[in-house]
Participant: 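I'd like to ask you about the structure that follows.
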Amino acid sequence: MASVSATWFYQDRGLRGIASADAFVTGKPYSKNFQSSFLGSFPAGILQVRFHLNNSQRRALLLPCIKCEKEDESFKEVSVERPPYYSYMDSTSGQLEPASGARASIPGEEYWPEGTASRVRAARAPEPTGKSLGSPSYGKNPGSRRKYKTSVAASESSNVSLESSDPLESESSVDTTEEPNAFSSDYVVYETEPEQEETGYGLDKKLGLPHPFIDPKVKKPIENTLSIEEQWWNWKKPEKEQWSRWQRRRPDSETVFLKAMAETGQVKIYGEHPTLTETSLYRARRHLFKEERLRAEQERLERIGPIAYYSEWVKAWKRDTSREAVQKHFEETGEDENTQLIEMFCHQTDREYRVMMGTDVRIPRDPLAMRMKEDQIKQIWGGDPVYPTVNYIQDPDEVIDFRGPDFHEPTPSMLAYLKEHGKIISREELEKTLANEKTEELEMTDMDEAMARAVDIGEDDDEGEDSDVEVEEEAGEKITRNWSVLKSTPELQKSKEKPKKENPLSLEEAIDDSENLTDFLLDFEEDD
Amino acid sequence: MASSLPLHHPTHCFISNPKLKSFHHGCSPRPSYSFATDIQNHVKPIRATTETPPYPIYQSTQVEESLSELEPADPDFYKIGYVRSMRAYGIDFKEGPDGFGVYAAKDVEPLRRARVIMEIPLELMLTISQKLPWMFFPDIIPVGHPIFDIINSTNPQTDWDLRLACLLLYAFDRENNFWQLYGDFLPSAEECTSLLLATEDDLLELQDAKLASAMREQQHRALEFWEKNWHSGVPLKIKRLAPDPERFIWAVGIAQSRCINMQLRIGALVQDSNMLIPYADMLNHSFQPNCFFHWRFKDRMLEVMINAGQRIKKGDPMTVDYLRGQKNDMFMQRYGFSSSVNPWDVIEFRSNARIHLDSFLSVFNISGLPEEYYHNSRLSNDGDTFVDGAVIAAARTIPTWSDGDVPPIPSMERKAVKELQEECQQMLAEFPTTSEEDQKVLDSMPEARRTLEAVIKYRLHRKLFIEKAIQALEIYQERILF
């Protein structure tokens, strides 16, 4: 027994030092406990332990190690899982389509060109096997490789025939010897417990039924993922199940703006989203709202001071920006407001700067638009053009409403507008102005009028001395005598009518009005 | 040198011209050509007799002999051909004491189309066209070779076998030629049954003077040819082809017995040619053949095809009709074998007695046209095995009369029958030996020379045939309906 105990070694934990005293069956899971209990009760319990050990030793010998009959058998692991791709049937041949590089199926024998069938048959013919006994004589001895030689050597040939038949007989005997081996072993085969059947995912995987790639029980969520809100690509699922994405609320720039306005408190809308009425009201008055906002901004700037105001765009500036703090700072350091402002702007990043300034300083940016939330901006103006967001999709059939705030007003008259702004003046005014200019220059004497009357040819001397009015009236009547001239020259008629309206006409004006001197030929036939 | 029996190829050549027969190419193949490992198959008892083309299948009048002494041939036999793109489908080459034979490796159902069992390319053959200008396929003879002159000197009409023999001998000498390998499987001089190699004694044993003289002439002719062209002053190139006359005569015998005459179409040219075809000449002869030759001109292959509608069992010998419609002496002269059931055999009757043809045919249930008499087994009882080729030959050779619907007068018939029988008996009596004696002689010398064996068999068959004719007449006499 002692020898037995001495030779037993540990295989686990390397506690070989105690090998001599303890004899443990290797691999027993409770060996450690054994050891501890053993050590504790060493002197007293040796006998007992040894006894115990004897039993265990015997048990170790008695319990047969169930081994395979053949030692070197390695079981090939074969899974019946279906391949992870789809397989299709080829339309022409009905066979399984190859996975890649499919060529058209080869037609059957009926469609082969002539001679192909015989070539195929010749190619398919199996090669002859067999070893020849003789060797060729290359034309020297014809008939040398025949088996049945002449009758003279008939005895030899019969020997040959016997020999050749022997190997054939031995072949047949080989088959019979293999069978008894299978039953000659005297191992008893124990039936082990049947393996636990797999269920659920394991079963699906084994049988090749559709299954997720990862066992859902073992599955862990991926670490270090951003929340939906943090993701800039924003793969947000819609709130409620919708049949199509076109059913969602289509972002309208006005709607979004109105909503943003409602959120900032500038406008009150009834519910969460503005209704059509509210949107149309907004559309009518959006310029007002913008002015309001700009005014509010100004107000704010004045109220809280520039440092506090601009600190909105300087994220890195954490200090107190109220007026009191600035005042205090000024008192402490002597830096005035501008200096402090400059100091603050030193902490501004260029992005913030760009946001603050915009691209064009001349365009006053709407402060609401500047302060809108990311998703709201995206709804109106879209997101990153390189990585576009999902929400930027616009309805291609949308009719964009360009109507402005004075949509309900009629088309304003440009004339009135221009007149209002003094861009144009009316013709009367123009003439008035011109007339004012002209009457300054021209002041004719009566003499000239008389001289003008004197230019008369001579027929109507008496009437020429009358008043001009009469002359003119008669001239009007007289001219009716020369009706053909009058009719053919309509401007004569017109030019005559004009000076009639305005009674006091100076000589110069009269000369200017007249076509030629014939205009002064007035009233010739009034005597009769 | 023309002998009385014309040696030139008979008029009925194997014309396997696609026009005449409607067999198509490209049958579905028999993929398994296997050397039958079981020689103990139920092969029918064939005394495949002599070699040169080992020959026929007897009808079951023969006693069933114990099974085969047939063994599969040397595997190299097929291998040398396979390597050179010759193919054999579903057949085995087997060798028996009487020589090579081709046997079916598996059962064949009767099909609509003829099935190819062998295809042999042109390159393996030795072919000479029959008419001038002689063309050789494949063209192995170089232009300056003196053998060319020898061949040129032959008589175009009659000396086809001499040309073939020269070609064969040259092929043996030519390096890398297939015939150097294949020649090892040809029958050697001792095994060859061709009567050219027969001695004088053998010829005397023939008991047929005409045939004997014919053979003597043949031998003489061959010898002369050899002496003329292989004299001592001939260059070594020629001399080593046939150093002695025996070799040359053996070659002539091979050429005569293994030659196949076919009409070939090569390219656009159609010509009759004499061909020595390697594997196809191992086919035996039968009067009811199951194979035929077909020339596939597309890739210049000779196909050996099974007759359409032919049912073949495993182990059946594949046979071809060598000569169509020739008597035994023609077969003997050319091939060196004979058959007792040659349906074309002829007995020359000298008397005027005639029997009624129609009743004779109906007694034995022979139907068909005179060219194609066959035993109609549907009419007869199944157990009737008397009718064989000999009876058919008798039907052809026995003088008959047939005059429309005129019925035979029984008494006259009987008289005629008696007369004919007497004449046959007379003929039998003329022979020095009887058939039993011949049989005894055959049995007594199992190790006789091949030619002697063939000769004795020849006369035996002749007698058997005459006896059969007598028997047939007897039966006819009995069964004449009154």
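Proteins get letters first, then strands, A, B, ... in listed order; numbering begins at 1 in each.
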Participant: Of the non-hydrogen atoms in A/Pro128 and B/Tyr82, which two are nearest, and what is the gap between them?
Facilitator: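 It is CD-CG, 3.5 Å.
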Participant: So, for A/Ser132 and B/Asp76, which heavy atoms are closest and what is the spacing to 0.1 Å?
Facilitator: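 For A/Ser132 and B/Asp76, the tightest heavy-atom pair comes out as CB-CG, 3.4 Å.
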Participant: Answer yes or no: does atom CG of B/Asn176 have more than 12 heavy-atom neighbours from other residues, nucleotides or ligands under 6.0 Å?
Facilitator: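 No, the 6.0 Å shell around CG holds no more than 12 heavy atoms from other groups.
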Participant: When A/Ser118 is tested against each of B/Lys298, B/Arg296, B/Met301 for side chain to side chain contact (heavy atoms under 4.5 Å, CB included), which residue passes?
Facilitator: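 When B/Lys298, B/Arg296, B/Met301 are each tested with A/Ser118, the side chain to side chain contact (heavy atoms under 4.5 Å, CB included) holds only for B/Arg296.
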Participant: Counting only heavy atoms closer than 4.5 Å, note whether B/Trp179 contacts chain A via side chain, backbone, both or neither.
Facilitator: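 For B/Trp179, there is no contact with chain A at all, as no heavy atom is under 4.5 Å.
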Participant: Considering all heavy atoms of both residues, which atom of B/Leu181 and which atom of A/Pro136 are nearest to each other, and what is their separation?
Facilitator: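 Smallest interatomic distance, heavy atoms only, reads CD2-CB, 3.6 Å.
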Participant: Does a sphere of radius 6.0 Å around NZ in B/Lys239 hold more than 12 heavy atoms from other residues, nucleotides or ligands, not counting ones at 6.0 Å or beyond?
Facilitator: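 Correct, the count exceeds 12.
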Participant: Taking the basic N atoms (NZ, or NE/NH1/NH2) and the acidic carboxylate oxygens, is any pair closer than 4.0 Å for A/Lys147 and B/Asp74?
Facilitator: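 No, no charged N to carboxylate O under 4.0 Å.
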Participant: Are B/Lys79 and A/Glu127 within salt-bridge range, i.e. N to O under 4.0 Å?
Facilitator: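 Looking at B/Lys79 and A/Glu127, the cut-off is not met.
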Participant: Donor-acceptor check, side chain of B/Arg87 to backbone of A/Ala122, threshold 3.5 angstrom: yes or no?
Facilitator: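 A pair under 3.5 Å: yes.
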Participant: Side chain, backbone, both or neither: which part of B/Arg247 has an atom under 4.5 Å from a heavy atom of chain A?
Facilitator: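 Contact with chain A: side chain only.
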Participant: Tell me yes or no: between the side chains of B/Glu69 and A/Tyr148, is some donor less than 3.5 Å from an acceptor?
Facilitator: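 Per modelled atom types, B/Glu69 and A/Tyr148 side chains form no pair under 3.5 Å.
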Participant: Nearest 0.5 Å, please: how far is CD in A/Glu114 from CG in B/Asp299?
Facilitator: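 B/Asp299 atom CG to A/Glu114 atom CD measures 10.5 Å (nearest 0.5 Å).
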Participant: Return the minimal non-hydrogen interatomic distance between B/Gly99 and A/Arg146, and the atom names on each side.
Facilitator: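 It is CA-NH2, 3.4 Å.
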Participant: Please state whether the side chain, the backbone, both or neither of B/Glu95 comes within less than 4.5 Å of a heavy atom of chain A.
Facilitator: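 Both backbone and side chain of B/Glu95 come within 4.5 Å of chain A.
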Participant: Heavy-atom cut-off 4.5 Å, strictly under: side chain, backbone, both or neither for B/Phe185 against chain A?
Facilitator: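 Contact with chain A: backbone and side chain both.
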Participant: Would you name the heavy atoms of B/Ser188 and A/Pro142 that are closest together and state the gap between them?
Facilitator: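 Looking at all heavy atoms of both residues, the shortest contact is CB-O, 3.3 Å.
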